[in-house]
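When reading the values below, keep in mind they use all heavy atoms of this one structure, side chains included, and skip hydrogens, waters and symmetry mates.
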Amino acid sequence: MTPAIIAFVVLLLIGAPVAVVMAMSGLAGGFALGGERMLGIIADRMFSGVSGFLLIAVPYFIFTAELMNQGGLTHKLIAFNNALFGRVRGALSHVNISVSVFFAGLTGAAITDTVAIGKIMIPEMKRQGYDAEYAAAITACSSIIGPIIPPSVVMVVYATLLRDISVIDLFAGGIIPGLLMALALLGVSFFLAWKRGYPKQAPTPFKMAVKSFLVALPAMVVPLIILGGILSGLTTITEASGFAAVYAIAIGVVFYRNLTWRKIWHSLVVTVRFSGVVFFLLATSAVLGWFVTRSGIARDAASIITTLSDSAFLQLMMVCVLLLLIGTVMDVLPALVVVAPVLVPAMIQLGFDPLHFAILMIVVLNISNVTPPVGMTLMTAARIAEVPYERAIIASLPFYTAYIVVIVLLAAIPALSTWIPSLLG
């Protein structure tokens with residue numbers, strides 16, 4: 001175990017890519033366990049880590065999100081949501097959040113949400129008198145709802161790493177937490193808009209509101225295609241993701257008529273690049289996960305947690321704090337593939353519901369995506385807003401506090417994560 005820990009810490013400190021850190025630390029641990037004969041097993045583990053049929057859905061989800069982004073979907077969703085909130089004080093702030101909820105059913109990735117919505121909403125919010133750092137903060141904090149409300153690339157990766165939970169249960173379990181996160185942000189947004197006197201907009205005429213809804217409707221059907229097919233049992237996740245990509249091309253070319261072959265090619269390039277990163281992480285995480293299983297680290301982690309407290313709630317909260325700290329220095333997917341093989345078996349051994357803990361872990365790691373010093377979504381939004389990162393951090397504190405309340409609720413009430421999956425049997 002010691003060679004693996006030394007390799008992991010040293011490589012991480014010198015700034016090696018996370019995939020390399022996991023592969024080399026797993027290799028060092030495997031060699032310490034069984035010498036050269038373990039090398040063949042490690043190669044087999046890397047192959048099995050990316051050979052699952054479920055993983056075909058990952059590039060399809062990424063491709064669908066890029067197609068909808070390139071096809072100008074963001075403008076349609078913003079116009080529709082603006083019709084809903086236009087006459088309310090701080091309308092653009094609320095629209096920013098509600099658009100992210102709709103966009104979450106299309107992208108499944110926070111950074112995509114940040115860029116697609118931020119490039120439109122942040123300049124417009126600044127033009128109407130909102131503080132630049134506030135615009136960046138609300139955009140970044142709302143974008144992390146994307147990987148929680150299904151479909152979610154993070155959830156597909158989790159189901160591949162830990163095969164004790166189906167991705168269908170993860171998708172269903174993320175619906176209430178995602179909506180709860182949106183409500184928490186809207187509560188803060190309404191309060192700050194009233195306190196700071198953010199502007200209202202002219203009410204949208206009824207005919208214009210109906211028109212904006214009809215224009216956005218074909219795009220809003222995409223989540224229904226994905227979730228409806230999966231949750232009803234009519235399609236597998238892979239089939240639903242592939243059909244969604246075909247549907248995205250069809251409405252972009254035929255209905256909206258602004259999805260060109262050049263944009264489709266660009267979407268393919270982005271898909272290949274991002275998928276390559278995901279699959280390399282999965283291959284190397286399989287090596288580390290195999291070593292964790294063989295070495296008994298998960299058992300030791302469970303013992304450490306029980307010695308700190310006998311309270312199940314306090315044990316969960318301590319793990320959440322650990323996950324937030326890990327998320328301050330690592331992005332969501334790398335953090336997930338590093339800690340999940342260790343923490344999940346340990347928490348199951350302590351008697352926690354696997355689905356409840358899975359949803360809680362995914363939510364916490366995504367919330368850490370707006371936590372400095374990494375905070376990739378917040379950093380990206382700050383760049384779009386042309387505001388110092390430090391000011392964006394301060395502006396995000398009220399929303400971050402609301403998210404902490406959501407974490408406590410999810411930890412204390414498992415039914416928030418397990419109720420909808422239980423209805424599906």
Of the non-hydrogen atoms in [X] and [Y], which two are nearest, and what is the gap between them?
| X | Y | answer |
| --- | --- | --- |
| A240 | T235 | CB-OG1, 3.5 Å |
| A381 | I122 | O-CD1, 3.7 Å |
| L259 | A248 | CD2-O, 4.0 Å |
| C141 | F399 | SG-CB, 3.7 Å |
| A136 | A392 | CB-CB, 4.4 Å |
| F255 | L214 | CZ-O, 4.4 Å |

Hey, does the side chain of [X] reach the backbone of [Y] with a donor-acceptor pair shorter than 3.5 angstrom?
| X | Y | result |
| --- | --- | --- |
| S241 | I237 | yes |
| K126 | A135 | no |
| R89 | A193 | no |

Side-chain H-bond candidate by donor/acceptor type, [X] with [Y], under 3.5 Å:
| X | Y | answer |
| --- | --- | --- |
| T271 | Y60 | no |
| S143 | S100 | no |
| Y247 | T64 | no |

Close side-chain approach of [X] to [Y], heavy-atom, < 4.5 Å:
| X | Y | value |
| --- | --- | --- |
| P177 | I148 | yes |
| I413 | W419 | no |
| Q315 | V319 | no |
| I176 | S417 | no |
| Y130 | E124 | no |
| I149 | M181 | no |
| S275 | I62 | yes |
| L316 | M347 | yes |

Value rounded to 0.5 Å, distance of [atom1] in [X] from [atom2] in [Y]:
| X | Y | atom1 | atom2 | answer |
| --- | --- | --- | --- | --- |
| N96 | M125 | CG | CE | 5.5 Å |
| I384 | M379 | CD1 | CE | 13.0 Å |
| Y403 | L324 | OH | CG | 13.0 Å |
| I145 | I97 | CD1 | CD1 | 7.0 Å |
| L336 | M155 | CG | CE | 11.0 Å |
| I138 | L192 | CD1 | CG | 8.5 Å |

Check against side chain to side chain contact (heavy atoms under 4.5 Å, CB included), I394 and Y134: CA-CA 9 Å; I394 295 172; Y134 177 83; over 6 Å; no
Would you please classify the geometry between the F190 ring and the H94 ring as parallel, tilted or perpendicular, with 30° and 60° separating the classes? parallel
I would like to know whether F171 and V156 meet side chain to side chain contact (heavy atoms under 4.5 Å, CB included); could you show each step before the answer? CA-CA 9 Å; F171 277 11; V156 174; 4.1 Å; yes
Can L343 and L323 be said to form a side chain to side chain contact (heavy atoms under 4.5 Å, CB included), step by step? CA-CA 10 Å; L343 284 180; L323 291 171; 3.7 Å; yes
For atom [atom1] of [X], is the number of surrounding heavy atoms from other residues, nucleotides or ligands below 6.0 Å larger than 12?
| X | atom1 | answer |
| --- | --- | --- |
| F243 | CZ | no |
| R257 | CZ | no |
| Q128 | CD | yes |

Summary of salt bridge (Lys or Arg N to Asp or Glu O under 4.0 Å) pairs that have at least one residue in residues 389-415, sequence neighbours excluded: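 Sorted pair list: E133-R391.
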Verify side chain to side chain contact (heavy atoms under 4.5 Å, CB included) between S152 and L170, making sure each step is shown before the conclusion. CA-CA 9 Å; S152 168; L170 289 171; over 6 Å; no
Below 3.5 Å, can you tabulate the donor-acceptor pairs from side chains in residues 260-270 to any protein atom, sequence neighbours excluded?
residue : atom : partner : partner atom : Å
T260    : OG1  : K263    : N            : 3.3
K263    : NZ   : N258    : O            : 3.0
S267    : OG   : K263    : O            : 3.0

Would you mind writing out the side-chain donor-acceptor pairs for residues 353-364 within the sub-3.5 Å range, not counting sequence neighbours?
residue : atom : partner : partner atom : Å
D353    : OD1  : L355    : N            : 2.9
D353    : OD1  : H356    : N            : 2.9
H356    : NE2  : L410    : O            : 2.7

